[in-house]
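To start, the structure under review is shown below, and the notes come after it.
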Amino acid sequence: MTTTQQNAAATERLWTYDAVRVRQAGGETRVTLTAEDIAEYAACAQNPDARYLMPSLGDDGPRMMAMPTMALTYAPLLRDEIAEANGFTAQERSTTARRQTPFAKCEIRWYRPVYAGETLTATRRVYEKYERRGSKFVTFRVSAFDEAGAVVASYDYTCIFEYSAGQRAVPDAAGDTAVAPDSNAVPDPAQFLTWEQATVGAALPRTLAVGETTENILRKNAHRLAGRPSESNIHTDEEFARQNIFGGAVNAGPATLSYVDRFLGLNFPPQALYQGGSLLMRAITPFRAGDVVTFSGEITGAGGNLYGQRKAQCRIRGVNQRNELVSLSDATVTFA
């Protein structure tokens with residue numbers, strides 16, 4: 001910790017890595033999910049899947065189902081509010097030594113689908129903290145419950161509270177990209193991977209190229225269902241972002257997670273995640289405006305479990321137009 005940070009920690013009670021304690025918790029949030037919320041999340045995820053579009057007037061079809069990774073929106077992390085609930089100021093909100101605690105990885109687990117009209121309560125707390133290769137990490141656990149008190153989803157979200165010396169160089173503007181985004185790619189059940197095809201080493205049938213823009217980064221940042229907005233961060237404020245580990249503005253980790261969700265939706269039905277599935281994504285290289293990242297995957301394991309379910313594991317790689325690994329994900333899916 002620098003001298004400036006030490007002084008700030010003393011005067012503002014900054015929630016630094018040393019001040020974080022396991023089991024520190026924030027307040028509960030309660031969100032009633034609307035069809036408009038679900039459609040806006042899908043739009044931010046650049047997902048044209050008709051299941052997540054607003055229904056036509058007079059449409060008496062089934063209730064709209066949320067994309068699985070929308071759990072991070074209806075049950076947000078709100079780490080600055082966890083800090084305040086424990087008598088501290090989050091480093092992102094410091095007036096003297098402001099700095100970001102960026103996304104490192106997130107693992108989500110699902111137990112059933114979530115639909116428009118449901119009221120969801122979320123809890124959040126510090127789950128663990130650890131040091132690795134000179135950097136210091138804090139993991140938070142967030143859980144979402146339905147009106148009956150049953151958990152519908154939970155996730156462990158890891159942030160970098162202190163990072164080792166060094167800053168990533170900002171690449172030149174993307175310019176010509178080798179791959180055009182698949183902006184109109186939608187699921188086709190005929191192309192979903194079947195249980196019989198889920199053998200180790202088998203490639204997932206479809207790939208997905210996603211392009212990022214400043215406009216979409218801002219739209220995603222503005223889509224908030226609980227907690228205070230964050231108008232200035234490493235996603236929206238280029239000047240502030242230059243002072244942090246990535247050396248410039250990047251998209252949010254949950255945004256990339258939503259793109260992995262969209263990719264999985266091209267290869268499996270939503271129930272594959274919602275019926276006891278999970279997704280772990282690690283951020284490797286920043287996903288910046290102007291980048292196009294192509295997601296592809298393969299089966300890494302398959303078998304049954306104690307409940308008689310047929311499950312498979314797959315690894316998903318997100319690679320940008322510079323052939324850099326942007327994200328590495330592992331998903332567990334369930335076959336009906």
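- Between the side chains of E212 and N251, at least one donor N or O lies within less than 3.5 Å of an accepting N or O.
- The 12-atom threshold is not exceeded at OH of Y127, counting heavy atoms of other residues, nucleotides or ligands nearer than 6.0 Å.
- Between V152 and Y111 the shortest side-chain heavy-atom distance does not fall below 4.5 Å.
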Start with the C-alpha gap between N216 and T213, add the side-chain angles, then the distance that decides, and say whether side-chain hydrogen bond (donor to acceptor under 3.5 Å, both in side chains) holds. CA-CA 5 Å; N216 202 66; T213 66; 5.2 Å; no
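- Residue-environment remark: CZ (R112) exceeds the threshold of 12 foreign heavy atoms within 6.0 Å.
- The two residues A180 and A209 make their nearest non-hydrogen contact at O-CB, 3.6 Å.
- At distances below 3.5 Å, at least one donor-acceptor pair connects side-chain atoms of R262 with backbone N or O atoms of A185.
- Taken from CG in D18 to CZ in F161, the straight-line distance is 11.0 Å, to the nearest 0.5 Å.
- Across all non-hydrogen atoms, the minimal contact from S296 to T207 is CB-CG2, 3.9 Å.
- The minimum heavy-atom distance between A75 and V142, with the atom names listed, is O-CG1, 3.4 Å.
- The aromatic rings of F335 and F268 lie perpendicular to each other, with more than 60° between the two planes, well past the 30° mark.
- Judged by distance alone, the side chain of R310 and the main-chain N or O of A336 form a donor-acceptor pair under 3.5 Å.
- A side-chain contact (heavy atoms from CB on, under 4.5 Å) with R109 is found for exactly one of L279, V151, D156, namely D156.
- Of all heavy-atom pairs between A116 and A35, the closest is CB-N, 3.7 Å.
- A perpendicular orientation is assigned to the rings of Y274 and W110, their planes being inclined by more than 60° (bins at 30° and 60°).
- Side chains of V114 and Y74 form a contact here, defined as non-hydrogen atoms less than 4.5 Å apart.
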Start with the C-alpha gap between T101 and Q91, add the side-chain angles, then the distance that decides, and say whether side-chain hydrogen bond (donor to acceptor under 3.5 Å, both in side chains) holds. CA-CA 8 Å; T101 53; Q91 296 181 73; 5.8 Å; no
Is there a side-chain hydrogen bond (donor to acceptor under 3.5 Å, both in side chains) between T69 and Y41? Walk through the geometry before answering. CA-CA 9 Å; T69 51; Y41 180 86; 2.7 Å; yes
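- Contact annotation: the side chain of T32 approaches that of T119 to within less than 4.5 Å [non-hydrogen atoms, C-beta and beyond].
- Of all the heavy atoms in R79 and W15, the pair that sits closest is O-CZ3, 3.5 Å.
- Under a hydrophobic clustering in which Ile, Leu, Val, Met, Phe, Trp and Tyr are joined whenever their side-chain heavy atoms come within less than 4.5 Å, directly or via other members, F263 and L280 fall into different clusters.
- At least one side-chain heavy atom of R124 sits under 4.5 Å from a side-chain heavy atom of T29.
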Checking E40 against R219 for the salt bridge (Lys or Arg N to Asp or Glu O under 4.0 Å) test, could you report, in this order, the C-alpha distance in whole Å, the side-chain angles of both residues, the deciding distance, and whether it holds? CA-CA 9 Å; E40 177 61 14; R219 183 175 186 176; 2.8 Å; yes
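- A donor-acceptor pair is defined here as one N or O able to donate and one able to accept, closer than 3.5 Å; such a pair exists between the side chain of R98 and the backbone of E92.
- The only member of M281, K105, R315 that meets side-chain contact (heavy atoms from CB on, under 4.5 Å) when paired with L328 is R315.
- From K136, atom NZ reaches atom NZ of K129 across 8.0 Å, with rounding to the nearest 0.5 Å.
- Here the rule is side-chain hydrogen bond (donor to acceptor under 3.5 Å, both in side chains) with T334, and of K311, Q271, Q275 only K311 fits it.
- Two residues are said to be in side-chain contact when any heavy atoms from C-beta on lie closer than 4.5 Å; T294 and L208 fail this criterion.
- For the pair Y155/P254, no side-chain contact is recorded, criterion being any heavy-atom separation below 4.5 Å from C-beta on.
- Y157 and F103 have their aromatic ring centers within a separation under 6.0 angstrom.
- T300 places a side-chain N or O within 3.5 Å of a backbone atom of Q313 that can act as its donor or acceptor partner.
- Using a 4.5 Å heavy-atom threshold, the side chains of T73 and D37 count as separate.
- A 6.0 Å sphere centred on CG of D188 holds more than 12 heavy atoms belonging to other residues, nucleotides or ligands.
- Residues I299 and T199 come closest through the heavy atom pair CB-O, 3.3 Å.
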